[in-house]
Amino acid sequence: MASVTRLLEWVFFFYFFSHIPITLLVDLQAVLPASWYPQELLDLMKWYCVTFKDHLMLDPPPWFKSFVYCEAIVQLPFFPIATYAFFKGGQRWIRIPAIVYSSHVATTVLPILAHLLYGDFPKTNQVDSPNQQERLTLVSVYAPYLVIPILILLTMLFSPQYRKEEKRKRK
Ligand SMILES: CC(C)CCC[C@@H](C)[C@H]1CC[C@H]2[C@@H]3CC=C4C[C@@H](O)CC[C@]4(C)[C@H]3CC[C@]12C
């Protein structure tokens, strides 16, 4: 059981570690002025939106932007802390923050997935509407951001390593 938890901690470490550059270099392009980014990153983002027909990132609706603001303000400061905690492993102080983080993120990614599956994406002059297959591909790009937080939540709630109460010092 301990080794399963350690394995999961490594997965969480890579998740948070990789999330830092993805958020700064890709995701925040949805809300920050284009002039803040070098042409290469703007091109990368354009390539991604066109190839994957990601209308959400190409022309973000207000509700999606509100999630990206949450990502910048609430989640981003947590990433280096979580990266450190899961790298070291067995850091019980990360339990409550990780529960808060994972519940929050799962709650933002669920409506995103629902919209990717069932929303309207009218053809624009740059990008076609995605067909069923392409919608599923988009879901697979976003899905790790639902699956990993759920794994984090379950680990924090049920792993004996995290559940064990700190022994209180008697006065
Ligand atoms: C060129 C390649 C690297 C681009 C890949 C872009 C992918 C990884 C980006 C594009 C849009 C991004 C998502 C945008 C918004 C949110 C909502 C937030 O609450 C959790 C992260 C999440 C779900 C992001 C996860 C990463 C994401 C799916």
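As the structure lists them, so they are numbered: ligands from 1, and atoms in each ligand from 1.
Residue contacts with ligand 1: Tyr142 is placed with no nitrogen or oxygen under 3.5 Å of a nitrogen or oxygen of the ligand (distance criterion only). The N/O atoms of Gln75, backbone and side chain alike, include one that comes under 3.5 Å of an N/O atom in ligand 1.
If you check which protein heavy atom lies closest to atom 9 (C) of ligand 1, you get Asp27 OD1, 3.5 Å.
Looking at Glu9, its side chain does come within 3.5 Å of a backbone N or O of Gly90 through a donor-acceptor pair. Checking side-chain atoms of Gln161 against main-chain N and O of Ser159 turns up no donor-acceptor pair under 3.5 Å.
Residue Leu44 approaches ligand 1 through these ligand atoms, each under 4.0 Å from one of its heavy atoms: 1 (C).
Side-chain contact, His104 with Gln75: a donor N or O sits under 3.5 Å from an acceptor N or O. Checking Gln29 against Tyr48 by side-chain atom types alone, no donor-acceptor pair falls below 3.5 Å.
With atom 14 (C) of ligand 1 as the reference point, the heavy atom nearest to it among Tyr145, Phe64, Tyr101 is part of Phe64.
Using a 4.0 Å heavy-atom cutoff, Met45 is absent from the residues neighbouring ligand 1.
Using a 4.0 Å cut-off between heavy atoms, His104 makes no contact with ligand 1 at all.
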Phe12/Phe86 under ring-ring contact (aromatic ring centres under 6.0 Å, His included): CA gap, chis, key distance, verdict: CA-CA 6 Å; Phe12 304 156; Phe86 289 119; 5.3 Å; yes
